[in-house]
Amino acid sequence: MVIIDCTTSCFLGSFEHFLVSNRATDKQISPGLKLRSEYVVPEEVKAAGFQICADELGSIVEGHDSKKLIIHGGVAGLAAKLATSPTDGLDTAEDSMQRRQDIYGINKFTESETRSFWVFVWEALQDTTLIILAICAFVSLVVGITMEGWPKGAHDGLGIVASILLVVFVTATSDYRQSLQFKDLDKEKRKIQVQVTRKGFRQRISIYDLLPGDVVNLAIGDQVPADGLFISGFSLLINESSLTGESEPVVVNEENPFLLSGTKVQDGSCKMLVTTVGMRTQWGKLMATLSEGGDDETPLQVKLNGVATIIGQIGLFFAVITFIVLSQGLISKKYHDGLLLSWSGDDALAMLEHFAIAVTIVVVAVPEGLPLAVTLSLAFAMKKMMNDKALVRNLAACETMGSATTICSDKTGTLTTNHMTVVKTCICGNIREVNSPQNASKLCSELPENVVRTLLESIFNNTGGEVVINQDGKHQILGTPTETAILEFAMSIGGNFKAKRAETKIAKVEPFNSTKKRMCVLLELAEGGYRSHCKGASEIVLAACDKFIDETGAVTPLDKATAGKLNGIIDGFANEALRTLCLAYREMEEGFSIEEQLPQQGYTCIAIVGIKDPVRPGVRESVAICRSAGVTVRMVTGDNINTAKAIARECGILTEDGLAIEGPDFREKTLEELLVLVPKIQVMARSSPLDKHTLVKHLRTTFNEVVAVTGDGTNDAPALHEADIGLAMGIAGTEVAKESADVIILDDNFSTIVTVARWGRSVYVNIQKFVQFQLTVNVVALLVNFSSACFTGNAPLTAVQLLWVNMIMDTLGALALATEPPNDDLMKREPVGRTGKFITNVMWRNIFGQSLYQFVVMWYLQTQGKTFFGLGGSDADIVLNTIIFNSFVFCQVFNEISSREMEKLNVLKGMLKNYVFMCVLSSTVVFQFIMVQFLGEFANTTPLTSLQWLASVLLGLVGMPIAVVVKLIPVGSS
């Protein structure tokens with residue numbers, strides 16, 4: 001890890017120094033100086049139809065080399081040499097694209113090689129206890145063959161070897177499958193779509209399909225997908241901290257046009273010419289210097305590792321005592337016979353067997369299956385959640401989501417559909433319905449011509465969207481759902497996007513952000529002078545107005561009465577659950593310079609529009625499920641408070657005793673007031689990203705809540721970081737938000753968040769079930785072998801048998817219990833929260849109850865088994881030990897079924913539908929039968945009669961009604 005950090009910091013330091021030195025050199029170039037190129041175009045590049053090679057392109061952007069850029073004719077010159085157009089983009093003819101790919105490469109990074117299956121086998125063999133057992137097996141083989149010859153003397157040793165190999169291969173197979181699954185999920189994380197212009201048409205393509213010469217459209221929150229050059233744009237700020245380590249954003253414009261892969265757009269928007277892709281980019285080269293980091297352990301894995309260590313230490317203590325007790329019997333016998341210094345091969349084998357049993361007790365006692373169960377359960381949940389439209393970026397989020405007590409959700413796109421349409425307007429002081437094309441065209445004819453002209457100028461220029469012609473020759477609107485709705489409205493009243501944009505020139509843009517809650521644009525008019533247009537949150541923009549356009553189209557001062565009427569209209573729209581936006585403009589005074597800030601006041605109100613964004617189907621039901629599960633849902637939105645309250649009531653979030661508050665009011669509250677207010681807050685409207693962050697922080701620290709937060713914008717990143725679980729929107733979310741999140745909700749649907757919570761609870765409960773099952777086996781195996789060694793001088797369960805039990809417990813048990821799918825009952829109980837115990841009183845009750853029954857059965861068989869089964873003769877001991885072993889295994893088989901439910905009595909419900917569980921159970925029984933009946937020499941067993949088999953199975957089966965009785969014993973819930 002230190003090496004990686006050092007490599008990275010050294011790399012970043014030298015890279016940053018390189019950029020600074022190059023920028024310094026650029027300033028020394030005299031503007032009038034004619035630069036001459038010594039660059040020679042390689043023949044293969046010329047033959048492919050291009051005039052510049054990949055290495056030359058890379059050196060220009062990577063080195064911020066302005067001199068070379070000027071030599072090659074600037075951005076336009078490079079575009080020509082790349083055989084592309086800065087306006088229309090690439091020609092997509094197949095042979096042309098293939099030639100481009102051959103010369104410049106593809107936009108993919110070299111992936112680290114997938115570790116082979118045999119690497120996992122080797123890692124599994126590194127287990128210390130298995131190594132000790134392997135040494136025991138080797139010594140056993142040597143002594144056995146020496147004493148009894150081949151093959152009889154090799155049976156014990158080969159039995160242990162076979163068991164070790166079985167454990168190793170099952171563990172390796174499980175780990176290998178998980179690694180492949182995580183690799184697939186990692187690929188999903190890196191699937192990013194970008195907007196490009198090709199053949200004059202805007203389209204979305206995968207980041208992997210980008211080629212040099214592509215024209216990419218970037219907006220706030222986007223990740224720069226490759227190295228490139230700025231073509232055009234406004235107010236572009238780039239965060240290069242991922243490359244240079246500098247947190248201060250870099251201004252990118254015509255003077256400094258260099259854009260580097262892996263950096264983020266912090267503000268503004270632009271069109272970019274791609275110059276370098278894949279491993280030739282600066283990001284690609286940085287990735288190549290870093291080795292792949294290992295997966296961090298989740299909090300639950302860390303907790304369970306601690307449990308495993310404690311149990312392992314207890315097991316080691318019992319193992320040492322067992323070895324001493326077993327060996328003491330042999331040593332005492334030899335001492336009484338006066339043969340203490342005379343040891344035969346049989347004596348050595350007996351001591352070795354005692355040592356192997358002691359080591360195997362440690363193997364059984366160390367519950368290495370605990371972390372494995374977490375990994376299996378999380379991997380299983382991650383795969384299933386992917387099918388349910390949730391991509392997990394951080395493993396720990398799976399288990400944490402199960403403990404969530406609060407969800408702070410956005411409104412737009414999460415609780416609502418994000419399919420917006422303008423349905424009402426207030427223009428010239430009159431409210432009109434515009435929810436159909438007929439109403440829209442009628443509106444156009446009713447309004448004065450100058451009002452329509454000003455309205456269309458405002459909508460088509462002051463927008464982050466765009467109207468383009470798609471490949472089918474039809475109009476296509478690109479942009480956010482809000483922008484799309486307003487542009488659609490403008491077109492429905494006869495507007496022409498391109499014609500209107502051509503009438504004026506955009507001189508300056510102040511993009512929308514969550515703090516200002518408005519977007520402004522400065523237009524340079526054809527007749528001279530400037531006009532500013534403003535659009536944003538209705539009450540904020542209206543407060544900046546001192547004039548409005550009346551019914552005749554004349555600009556009139558905005559008096560108190562009219563302002564009150566317009567605010568009443570805003571509230572009326574909001575109470576109908578409409579999003580409201582106000583459009584305004586201002587004629588700029590003579591002498592205004594574009595370097596100055598755009599004014600905050602003095603605007604003329606053009607229109608107020610009401611946008612319908614319907615609530616998603618199923619949201620109300622999902623909120624009700626959360627409430628029944630003890631999870632509080634809070635809406636945090638930038639919208640008007642009346643709109644927020646109307647939607648919150650429709651969703652079932654805002655209740656009679658709940659509180660709706662505005663961000664500015666929330667900010668003014670003292671700490672004492674917040675202690676009273678925060679638990680009651682169900683809706684926060686007009687909130688800034690800082691308000692969201694503050695609310696989340698208070699919920700987590702002051703009230704000890706486990707908080708899940710949804711976010712889609714770049715400004716949501718602080719709240720996503722602060723939350724226990726950050727949930728980013730896959731469709732509306734920016735790349736910055738997605739990178740800050742633990743889970744990406746691929747369909748932006750609140751119901752999917754509830755599904756994530758259900759899966760989180762399922763993971764937690766499944767691991768609890770497995771821990772309960774494993775600890776029961778641990779307790780019984782330890783007690784049986786220890787007590788038997790103490791009181792009878794021998795252990796009924798041999799090393800091979802204990803290894804098999806260990807595998808039933810660890811790998812197979814984890815596989816069976818950790819992959820139970822979630823059921824609806826999970827969302828009818830209270831969340832665990834931050835302070836809940838992992839091993840509950842209910843679990844301890846079940847563990848002790850089942851352990852007591854199994855120990856009594858094993859002890860009875862050991863002491864009274866020969867009498868009960870009428871055993872006699874030389875083989876009585878091995879038959880009894882086989883019955884004990886068989887009964888012990890079937891006790892675990894039926895206990896596994898009982899462990900499916902920790903509190904419910906019906907453990908069979910849904911069992912047949914769980915194919916993994918049934919497969920594990922069946923294979924355990926089949927292999928047990930083979931082991932007892934056919935592998936006697938290796939497993940120290942002997943074939944049993946039908947009655948003996950029936951007795952073994954019945955003894956295991958009785959454990960199920962015992963489990964039912966135990967579950968009826970009341971205990972505290974904690």
Side-chain angles (χ1 to χ4, degrees), residues 304 307 311 367 369-370 373 377 402-403 628-630 758 761-784 808-809 813-814 816-833 836-860 887-914 917-918 920-921 924 953-974:
L304 290 180
V307 173
I311 295 169
L370 295 184
S377 194
S403 309
S628 68
R758 185 184 283 115
R761 290 188 174 197
S762 175
V763 166
Y764 198 85
V765 169
N766 283 351
I767 295 165
Q768 281 185 315
K769 290 175 189 173
F770 172 69
V771 168
Q772 177 186 297
F773 167 69
Q774 180 156 40
L775 290 183
T776 305
V777 189
N778 276 12
V779 170
V780 179
L782 274 177
L783 287 176
V784 167
I808 295 173
M809 275 191 338
L817 291 168
T819 55
E820 282 273 340
N823 56 53
D824 292 335
D825 293 335
L826 286 170
M827 298 303 281
K828 290 176 184 170
R829 58 176 77 168
E830 290 295 306
V832 176
K837 281 192 222 165
F838 180 72
I839 302 180
T840 62
N841 291 349
V842 167
M843 291 168 69
W844 283 123
R845 176 197 65 191
N846 296 345
I847 290 165
F848 287 131
Q850 191 62 224
S851 299
L852 182 63
Y853 165 71
Q854 288 187 21
F855 179 66
V856 168
V857 167
M858 295 300 112
W859 187 249
Y860 177 79
S887 302
F888 184 64
V889 168
F890 276 99
C891 278
Q892 308 327 316
V893 167
F894 288 107
N895 184 30
E896 206 162 345
I897 298 171
S898 296
S899 296
R900 289 187 72 240
E901 291 288 350
M902 288 187 288
E903 292 185 77
K904 286 189 180 172
L905 303 183
N906 183 3
V907 293
L908 302 176
K909 186 181 176 184
M911 189 174 86
L912 296 176
K913 291 179 185 173
N914 187 345
F917 188 89
M918 292 307 297
V920 167
L921 221 57
T924 304
V953 173
L954 283 174
L955 285 169
L957 183 60
V958 171
M960 289 186 71
I962 294 288
V964 170
V965 172
V966 169
K967 284 175 187 176
L968 295 173
I969 301 169
V971 288
S973 56
S974 62

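Residue indices begin at 1 and follow the sequence shown.
The backbone N or O of Arg758 sits nowhere less than 3.5 Å from a side-chain atom of Ser762 that would complete a donor-acceptor pair.
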side-chain contact (heavy atoms from CB on, under 4.5 Å) evaluation trace for Leu955 with Phe890
CA-CA 8 Å; Leu955 285 169; Phe890 276 99; over 6 Å; no
Going through the distances and angles, do Phe888 and Val777 end up as a side-chain contact (heavy atoms from CB on, under 4.5 Å)?
CA-CA 9 Å; Phe888 184 64; Val777 189; 4.2 Å; yes
Between Val966 and Leu852, does a side-chain contact (heavy atoms from CB on, under 4.5 Å) hold up when you go through it step by step?
CA-CA 11 Å; Val966 169; Leu852 182 63; over 6 Å; no
side-chain contact (heavy atoms from CB on, under 4.5 Å) between Lys967 and Lys904: does it pass, once the steps are laid out?
CA-CA 8 Å; Lys967 284 175 187 176; Lys904 286 189 180 172; over 6 Å; no
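In this structure, CG on Asn895 lies 7.0 Å from CD on Gln772, to the nearest 0.5 angstrom. In this structure, Asn846 CG and Met843 CE are separated by 8.5 Å, a value rounded to the nearest 0.5 Å. Rounding to the nearest 0.5 angstrom, the gap separating the CE atom in Met902 from the CZ atom in Arg900 is 12.5 Å. In this structure, the separation between OG on Ser628 and CZ on Arg829 is 12.0 Å, given to the nearest 0.5 Å.
Residues Ser898 and Met960 come closest through the heavy atom pair OG-CG, 3.6 Å. Smallest separation of non-hydrogen atoms from Gln850 and Gly959: NE2-O, 3.3 Å. Shown here for Pro831 and Ser403, the closest heavy-atom pair between the two residues is CB-O, 4.0 Å. Thr776 approaches Gln854 most closely through the heavy-atom pair CG2-NE2, 4.1 Å. Minimum interatomic distance between Lys769 and Ser899 (heavy atoms only, all atoms of both residues): CG-O, 3.2 Å. Contact record, Phe917 with Glu896: CZ-O, 3.8 Å, taken as the closest heavy-atom pair.
Using the six-membered ring where Trp is involved, Trp844 and Phe848 have ring planes that are parallel, under 30° apart on the 30 and 60° scheme.
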Below 3.5 Å, can you tabulate the donor-acceptor pairs from side chains in residues 906-913 to any protein atom, sequence neighbours excluded?
from   : atom 1 : to     : atom 2 : distance (Å)
Asn906 : OD1    : Leu908 : N      : 3.1
Asn906 : OD1    : Lys909 : N      : 3.4

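For Tyr860, there are no ring pair (Phe, Tyr, Trp, His ring centres under 6.0 Å) partners, not counting sequence neighbours. Residues passing the salt bridge (charged side-chain N to carboxylate O under 4.0 Å, His left out) test with Arg845: none are found, sequence neighbours excluded.
Using a 4.5 Å heavy-atom threshold, the side chains of Leu775 and Ile839 count as touching. At least one side-chain heavy atom of Leu954 sits less than 4.5 Å from a side-chain heavy atom of Leu957. Between Val958 and Tyr853 there is a side-chain heavy-atom pair separated by less than 4.5 Å. Between Glu903 and Thr840, every side-chain heavy-atom pair lies at or beyond the 4.5 Å cut-off. The closest side-chain heavy-atom distance from Asn823 to Glu901 is below 4.5 Å.
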